[in-house]
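One structure is given here, and the rest of the page talks about it.
Chain letters run A, B, ... following the sequence lines, proteins first, then strands; residues in each count from 1. Below, each value reflects all heavy atoms present in this structure, side chains not excepted, and no hydrogens, waters or symmetry copies.
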Amino acid sequence: SQELEQSPQSLIVQEGKNLTINCTSSKTLYGLYWYKQKYGEGLIFLMMLQKGGEEKSHEKITAKLDEKKQQSSLHITASQPSHAGIYLCGADNAGSNYQLIWGAGTKLIIKP
Amino acid sequence: DAEITQSPRHKITETGRQVTLACHQTWNHNNMFWYRQDLGHGLRLIHYSYGVQDTNKGEVSDGYSVSRSNTEDLPLTLESAASSQTSVYFCASSRTSGGLDTGELFFGEGSRLTVL
């Protein structure tokens with residue numbers, strides 16, 4: 001079965017610094033989704049990547065999917081306290097967006 | 001505004017009791033999902049539904065059941081709660097577009113269940 005591995009598990013970053021979170025799949029991804037979870041709340045959709053080499057940006061967050069469609073990275077530029085939370089990647093299972101397989105999440109703490 | 005709500009947000013129960021977690025969405029989405037979130041495991045799919053009267057088992061469905069009598073609601077029932085079911089439960093919904101759409105799931109705020 002497909003597995004998603006996220007790294008690092010947790011990250012403490014000084015405010016203003018850049019950071020990268022990775023999501024690696026054991027199989028080719030049909031679609032890769034990034035979500036953010038604030039502590040004690042539900043998940044908020046950030047971006048979806050489908051094509052090899054695709055890159056999307058939203059404000060200061062950029063996500064990329066590699067050419068082989070097995071690894072995605074989420075990059076935050078000039079981090080802010082509002083970026084703190086848990087970032088999860090989800091993979092489209094067998095071409096259906098109705099069921100996603102999830103990574104374990106990366107906990108991001110921003111130090112002022 | 002359309003939304004998805006879960007209740008209760010916090011629940012403490014005893015082993016062996018039946019527990020029902022409610023999920024209500026006002027987006028008129030066909031697809032609804034129940035996940036549990038545990039440290040180190042991320043989100044795991046419990047049950048899902050593609051429409052009224054449709055229910056399907058997910059990855060970790062043992063000990064859980066759902067029913068879909070209307071579009072808006074997908075209650076999750078733990079027939080006989082066990083300590084291993086202590087977790088945070090998330091309900092989510094998404095629309096059907098006949099193909100791969102934005103992949104956007106709309107999540108509730110979660111229900112924290114403790115089984116003693």
Side-chain angles (χ1 to χ4, degrees), chain A residues 1-10 21-26 28-51 54 56 58 63 65 69 72 85-107, chain B residues 3-7 9-10 21 23-25 27 29-51 54-61 68 74 88-112:
Chain A
S1 62
Q2 188 172 43
E3 294 183 352
L4 285 183
E5 188 171 323
Q6 275 188 250
S7 62
Q9 286 186 326
S10 63
I21 298 169
N22 294 302
C23 179
T24 303
S25 170
S26 57
T28 300
L29 299 165
Y30 287 90
L32 189 287
Y33 306 82
W34 284 101
Y35 283 77
K36 179 187 174 184
Q37 182 180 21
K38 291 185 178 180
Y39 301 118
E41 299 181 14
L43 284 73
I44 299 170
F45 174 76
L46 294 175
M47 296 176 240
M48 183 196 76
L49 304 166
Q50 284 183 267
K51 300 175 183 177
E54 186 174 10
K56 287 187 177 179
H58 175 69
L65 182 62
K69 296 176 64 176
S72 178
I86 300 172
Y87 290 81
L88 291 96
C89 61
D92 182 0
N93 187 12
S96 166
N97 69 319
Y98 304 143
Q99 302 173 45
L100 299 184
I101 295 174
W102 299 85
T106 296
K107 183 177 180 180
Chain B
E3 59 181 4
I4 181 166
T5 55
Q6 293 183 231
S7 62
R9 294 291 311 279
H10 301 273
L21 305 179
C23 176
H24 179 80
Q25 53 97 3
W27 280 296
H29 285 165
N30 285 340
N31 310 323
M32 295 184 73
F33 309 82
W34 273 105
Y35 291 94
R36 59 178 289 174
Q37 185 178 38
D38 304 287
L39 193 64
H41 287 280
L43 291 170
R44 291 183 289 176
L45 184 63
I46 305 171
H47 281 283
Y48 58 100
S49 168
Y50 291 154
D54 176 76
T55 60
N56 306 278
K57 294 181 179 180
E59 177 188 0
V60 290
S61 61
R68 188 89 180 270
L74 187 70
V88 180
Y89 292 86
F90 286 99
C91 179
S93 70
S94 70
R95 60 186 173 88
T96 302
S97 68
L100 198 66
D101 59 12
T102 64
E104 185 171 3
L105 289 170
F106 293 82
F107 282 85
E109 293 190 331
S111 295
R112 183 175 295 275

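Not one N or O on the side chain of B/Thr55 forms a donor-acceptor pair closer than 3.5 Å with the backbone of B/Ser49. A donor-acceptor pair is defined here as one N or O able to donate and one able to accept, closer than 3.5 Å; such a pair exists between the side chain of B/His47 and the backbone of B/Asn56.
For A/Ile101 against A/Leu4, the heavy-atom pair with the smallest separation is O-CD1, 3.2 Å.
Residues passing the side-chain hydrogen bond (donor to acceptor under 3.5 Å, both in side chains) test with B/Trp34: none are found, sequence neighbours excluded.
Between chain A and the residues B/Glu109, B/Gln6, B/Glu59, the most heavy-atom pairs under 4.5 angstrom are made by B/Glu109.
For B/Arg9, the part sitting under 4.5 Å from any heavy atom of chain A is the side chain, from C-beta outward, and nothing else. In this structure, chain B has a heavy atom under 4.5 Å from the side chain of A/Leu88, while its backbone stays farther away. For A/Gln6, no part lies under 4.5 angstrom from a heavy atom of chain B.
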